[in-house]
**Q** 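Just passing along the structure, written as structure tokens.
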Amino acid sequence: ENVRMIMRHSAHGGGSDAILVGAKPHPRAWGTFPRYLGHYVRELGVLGLEECVQHLTGRPAARLRLVDRGLVRVGQHADLVVTVCRTGYTGERGYELIAPNAAAPALWDALTAAGGRPCGLGARDTLRTEMGYPLHGQDLSLQITPVQARCGWAVGWKKPAFWGREALLAEREAGPARLLWGLEALDRGIPRPHLPVLAGDTPVGEVTSGTFSPTFERPIAMGFAKPTAAAPGSPLAVDIRGQHYAAQVVPLPFYQRGK
């Protein structure tokens with residue numbers, strides 16, 4: 001088995017020491033510390049990240065391909081093959097390190113010894129929600145089509161055949177019965193997955209992801225609503241333990257670079 005680690009640094013000039021060591025604080029840096037290692041995804045902010053990537057791949061980070069590999073000595077692991085992917089789930093430039101599971105603790109220790117500070121899945125979740133990135137099992141599932149989740153760009157529509165092609169084409173032509181929207185809370189209540197979304201007192205959808213946004217300092221959420229009930233600026237509400245909390249529909253993503 002392989003274990004994946006994620007190295008992150010802020011692409012727009014800053015980061016807190018939970019995301020990028022040694023940089024000035026940035027509002028999108030929001031971390032929780034991991035309790036487990038093993039098979040779990042971890043996010044790291046690493047001082048001198050480009051130097052680390054260059055050491056692993058033999059090339060400057062700016063020249064790194066989408067997926068690259070390099071040999072590195074970590075502890076007693078000589079010529080350890082580490083796959084470095086220029087991917088990420090935070091909306092920033094990111095690097096994912098994939099190494100054999102047996103060598104993962106030593107690689108983790110080497111990165112933290114080089115100045116890396118760990119942050120956990122809570123950080124990833126707030127960042128990906130601000131970017132409107134869907135999480136499988138919440139914003140995407142076997143019951144949610146890519147048309148409904150606004151992920152039609154990822155479907156190979158020109159392919160002559162694939163499972164579900166006719167159903168997806170029909171849904172795209174007719175228009176989906178629900179669409180994924182951003183919800184910006186106007187009250188203090190934090191929307192959580194599966195809470196009802198209301199237009200007045202009428203249920204029109206459901207929250208799929210929700211959190212407190214450290215960037216905007218207010219609760220935000222993603223959820224599905226009927227197209228007839230939702231448009232940018234539409235007033236809606238979220239039922240939180242029987243109490244209606246005001247929200248408004250906003251386009252995704254919440255966060256945009258430079259704004």
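For reference, positions follow the sequence shown, starting with 1.
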**Q** Which distance, rounded to the nearest 0.5 Å, do you find between the CZ of F254 and the CD of E184?
**A**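 Answer rounded to 0.5 Å: 7.5 Å.
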
**Q** Nearest heavy-atom pair of P219 and P191: which atoms, and what distance?
**A**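 So the minimum-distance heavy-atom pair works out to CB-CD, 3.8 Å.
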
**Q** Can you list the residues that meet the side chain to side chain donor-acceptor pair (under 3.5 Å) rule with T129, with sequence neighbours excluded?
**A**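 T129 satisfies side chain to side chain donor-acceptor pair (under 3.5 Å) with no other residue.
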
**Q** Does any non-hydrogen side-chain atom of H244 lie less than 4.5 Å from one of D201?
**A**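 The answer is yes, as the side chains (C-beta and beyond) meet within the 4.5 Å cut-off.
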
**Q** Which heavy atom of A229 sits nearest to which heavy atom of L236, and what is that distance?
**A**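 Closest heavy-atom pair between A229 and L236: O-CD2, 3.8 Å.
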
**Q** Would you say L183 and Y245 are hydrophobically clustered, going by side-chain heavy atoms of ILVMFWY under 4.5 Å?
**A**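 Per the 4.5 Å side-chain linkage, L183 and Y245 are co-clustered.
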
**Q** Would you name the heavy atoms of S234 and A230 that are closest together and state the gap between them?
**A**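 The answer is OG-C, 3.8 Å.
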
**Q** If a pair satisfies side-chain hydrogen bond (donor to acceptor under 3.5 Å, both in side chains) and one of its residues is in residues 144-159, list it, with sequence neighbours excluded.
**A**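 Qualifying pairs: T145-E171, Q148-E171, Q148-R178.
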
**Q** Suppose clustering is done on Ile, Leu, Val, Met, Phe, Trp and Tyr with side-chain heavy atoms closer than 4.5 Å. Which residues sit in the same group as L140?
**A**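 Members besides L140: none; it forms no cluster.
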
**Q** Scan for salt bridge (charged side-chain N to carboxylate O under 4.0 Å, His left out) pairs involving residues 186-195, sequence neighbours excluded, and state none if there are none.
**A**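 Qualifying pairs, neighbours excluded: none.
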
**Q** For residues 203-214, run the donor-acceptor check on the side chains, cut-off 3.5 Å, and write out each pair with its distance to 0.1 Å, sequence neighbours left out.
**A**
| unit_1 | atom_1 | unit_2 | atom_2 | d |
| --- | --- | --- | --- | --- |
| T208 | OG1 | D139 | OD1 | 2.5 |
| T208 | OG1 | M222 | O | 3.0 |
| S209 | OG | R128 | NH1 | 3.3 |
| S209 | OG | R128 | NH2 | 2.9 |
| S209 | OG | Q138 | NE2 | 3.0 |
| S209 | OG | D139 | OD1 | 3.1 |
| S209 | OG | D139 | OD2 | 2.9 |
| S213 | OG | E130 | OE2 | 2.7 |
| S213 | OG | T215 | N | 3.4 |
| S213 | OG | F216 | N | 3.1 |

**Q** Under 4.5 Å between side-chain heavy atoms, counting indirect links through other Ile/Leu/Val/Met/Phe/Trp/Tyr residues: same cluster for V249 and I190 or not?
**A**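 No, no single cluster joins them.
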
**Q** Go through the structure and list residues passing side-chain contact (heavy atoms from CB on, under 4.5 Å) with P160, not counting sequence neighbours.
**A**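 Partners of P160 under the side-chain contact (heavy atoms from CB on, under 4.5 Å) test: none.
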
**Q** Linking I/L/V/M/F/W/Y whenever any side-chain heavy atoms sit under 4.5 Å apart, do Y255 and W181 land together?
**A**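 No, because Y255 and W181 fall into different hydrophobic clusters, even though each may have its own neighbours under 4.5 Å.
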
**Q** Could you tell me if the side chain of F162 sits less than 4.5 Å from the side chain of L168, heavy atoms only?
**A**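 Side chain of L168 against side chain of F162, heavy atoms only: contact under 4.5 Å found.
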
**Q** Using the rule that two of Ile, Leu, Val, Met, Phe, Trp, Tyr join whenever any of their side-chain heavy atoms come within less than 4.5 Å, decide whether V250 and L198 are in one cluster.
**A**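 No.
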
**Q** Remaining members of L142's ILVMFWY cluster at a side-chain heavy-atom cut-off under 4.5 Å?
**A**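 Members alongside L142: none; it stands by itself.
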
**Q** Treat each ILVMFWY residue as a node, draw an edge where side-chain heavy atoms are under 4.5 Å apart, and state whether Y133 and L135 are in one component.
**A**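 Yes, because Y133 and L135 connect within a single hydrophobic cluster, where side-chain heavy atoms sit under 4.5 Å apart.
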
